[in-house]
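Accompanying notes for the structure given below.
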2 protein chains.
Amino acid sequence: MEAVAKVGYVPNPAARSLRSRKTHMVLVVLPDLSNIFFSQVLRGIEEALFAAGYGMIIGDLNGAAEKERRFADFAAAGQVDGVMLLNGHLFGEAELGVPVVALCEAIEGADIPQIEVENRKGARAMTEHLARLGHRAIGYVTGPTDNVLERERFAGYREGLERAGLVFDPGLVWEGDWKLETGAAIGRRILSEGKRQSAVFCSNDEMAIGLLRAFASAGVRVPEDISVAGFDDIEYAAMTSPALTTIRQPRRDIGREGASALLELLGGRKPAPRIRLQTELVERASAAAPKHG
Amino acid sequence: MEAVAKVGYVPNPAARSLRSRKTHMVLVVLPDLSNIFFSQVLRGIEEALFAAGYGMIIGDLNGAAEKERRFADFAAAGQVDGVMLLNGHLFGEAELGVPVVALCEAIEGADIPQIEVENRKGARAMTEHLARLGHRAIGYVTGPTDNVLERERFAGYREGLERAGLVFDPGLVWEGDWKLETGAAIGRRILSEGKRQSAVFCSNDEMAIGLLRAFASAGVRVPEDISVAGFDDIEYAAMTSPALTTIRQPRRDIGREGASALLELLGGRKPAPRIRLQTELVERASAAAPKHG
DNA sequence: TTGAAAGCGCTAACAT
DNA sequence: ATGTTAGCGCTTTCAA
């Protein structure tokens, strides 16, 4: 062993991989690398994988559906020992040939371990919270409507309205895409369309921050004139003025749990098919009782 | 070829890699994955690498210096064809054995291609800008002081003061670490220590946003009572109230150029030893002339 | 131009 | 317990 160290011998991973059919690499597919939401999730993943001697290969879809094919091929070719899907749906009808786990939200009908966050429940809780504050007309800004998470949050919003005895008004729903800029644009639109609601619940914090910005620019005060709420509790949510009322997701835990589940699978063990992580309503200043009932 | 497709044959990358001594993988080492600054840089890298058929392996140091060793070993073992360093210094005295490029700031004395951003010039420009607005006592919040970028920005700050005919006052310098929370904490400290400056220039936007938050909480108005400026122009900089005056860095380009340089190297060509990318002062509302000369 | 053969560096199976 | 050998699936070289 001294001789090994002296000579500076390093095993060749390619040869090792060829022979053992293990790469010690995991592919992480995510929809948008520039979304800060994922940074903490990635960190959780990286921590867990690194500790187990695995490396993390990032596949950023960045809205390009055709990249899914390449990532699927990549995995199918045996470049990685496992795949973590953060993009909310399975891709490549064919099997990837390696263990897969899904994070953030259930992929319907898929027989793979899932790390779920209670999106629906969280959105419901926020909607009920706003109703409890006295809001009767609660608007909603959606994320990408084909996304599982978005569908769950939207469903939670509707459930919340129902439980609070409020009627759903499609006129109070704005279609967004989870991006900051879009939030700002929608904020401007909300104002130009005339104020029909006393609160707006955004499907994520980025858009909520965009709304806050648009409202501030227009001299509309939050929460005096209109309440705003978000979802995720990204770091910036606590740093806006007013600070953003939101639903906290345990982002790092999501990553860590997901990686653990995959490592279990890679070790030949059987992880829990579903891990549900709780969300938590974080009350800050951006949502308050409306001025006039 | 039809037969190939029919049978579903996929080349084995491990065997290919063993034989050809190419992995088509690049290691990207970065200091802090959760820093939103890097997300756009990573996207630029990913785009360029993906287009060239390369994959990106993320190595997140996350403040843990001992991880550098593992990453160095990883590269030395031949797991990747090249390395991109975003952490501002070289690690592992020994050679990595593969091409390396450095992004974001020059690594002194290293004979590798560098993608530089004019940190010093940018910081100098901002300091002069603040002086031109009429500020005579301009505070500075540092990043991690052992970081090359920070050293450059700080040097730029001092140069700016000098050019404006202002004296450097160490009492107006607060030591930070580029984190949002730290910015907020320093903001509180600045207020509690009594207002000795009419403007504060933060070494990055995250901390500036933290300051903005602390000031707003305390009822201190920006820019009426105090001006704040940042560096980077992250997406959130335009979304604060007031919006943040800052120095824009072409983050995506940094990534793209870095990846291109590495790909050149991998292709046996010789890229430009240094690419300098310009910064740009973005004037927004957070910095204005002080109320009383 | 096309085909055969050697061998990359390791691991696992087998023989001692 | 230790040593030997075959072979993972390619690419590259060399021969036809």
Measure from CZ on B:Arg19 to P on D:dG7 and round the result to the nearest Å.
19 Å
Gap between atoms CZ and P, on B:Arg16 and D:dC8 respectively (whole Å)
18 Å
Just checking, any donor-acceptor pair under 3.5 angstrom between side chains of A:Thr142 and A:Glu175?
no
Exercise: do B:Glu280 and B:Gln249 side chains pair donor with acceptor under 3.5 Å:
no
Could you check how far NZ of B:Lys22 sits from P of D:dG9, rounded to whole Å?
23 Å
Counting any heavy atom closer than 4.0 Å, what does B:Pro13 reach on the DNA or RNA strands: base, sugar-phosphate only, or nothing?
nothing
Are OP1 or OP2 of D:dG9 and a side-chain N or O of A:Arg21 less than 4.0 angstrom apart?
yes
Looking only at the side chains, is there a donor atom on one of B:Glu118 and B:Thr279 sitting less than 3.5 Å from an acceptor on the other?
no
Cationic N near anionic O, under 4.0 Å, B:Glu46 to A:Lys67:
yes
Without hydrogens or angle criteria, can the side chains of B:Tyr236 and B:Glu206 be said to hold a donor-acceptor pair below 3.5 Å?
no
Atom CD1 in B:Ile112, atom CE in B:Met84: separation rounded to 0.5 Å?
10.5 Å
Between A:Asp232 and A:Arg153, does any side-chain N to carboxylate O distance fall below 4.0 Å?
yes
Any chance you could encode DNA chain D as dot-bracket? Rule is Watson-Crick or G-U wobble with both distances under 3.5 Å; [ ] for pairs crossing earlier ones, | for another strand.
|.||||||||||||||
Contact span of DNA chain C against chain A, any nucleotide atom under 4.0 Å from a heavy atom, 5' to 3', runs C:dG9 to C:dA12
d(NE2, B:His24; C1', D:dC10) in whole Å
13 Å
Please determine, by modelled atom types, if A:Asp233 and A:Thr246 share a side-chain donor-acceptor pair under 3.5 angstrom.
no
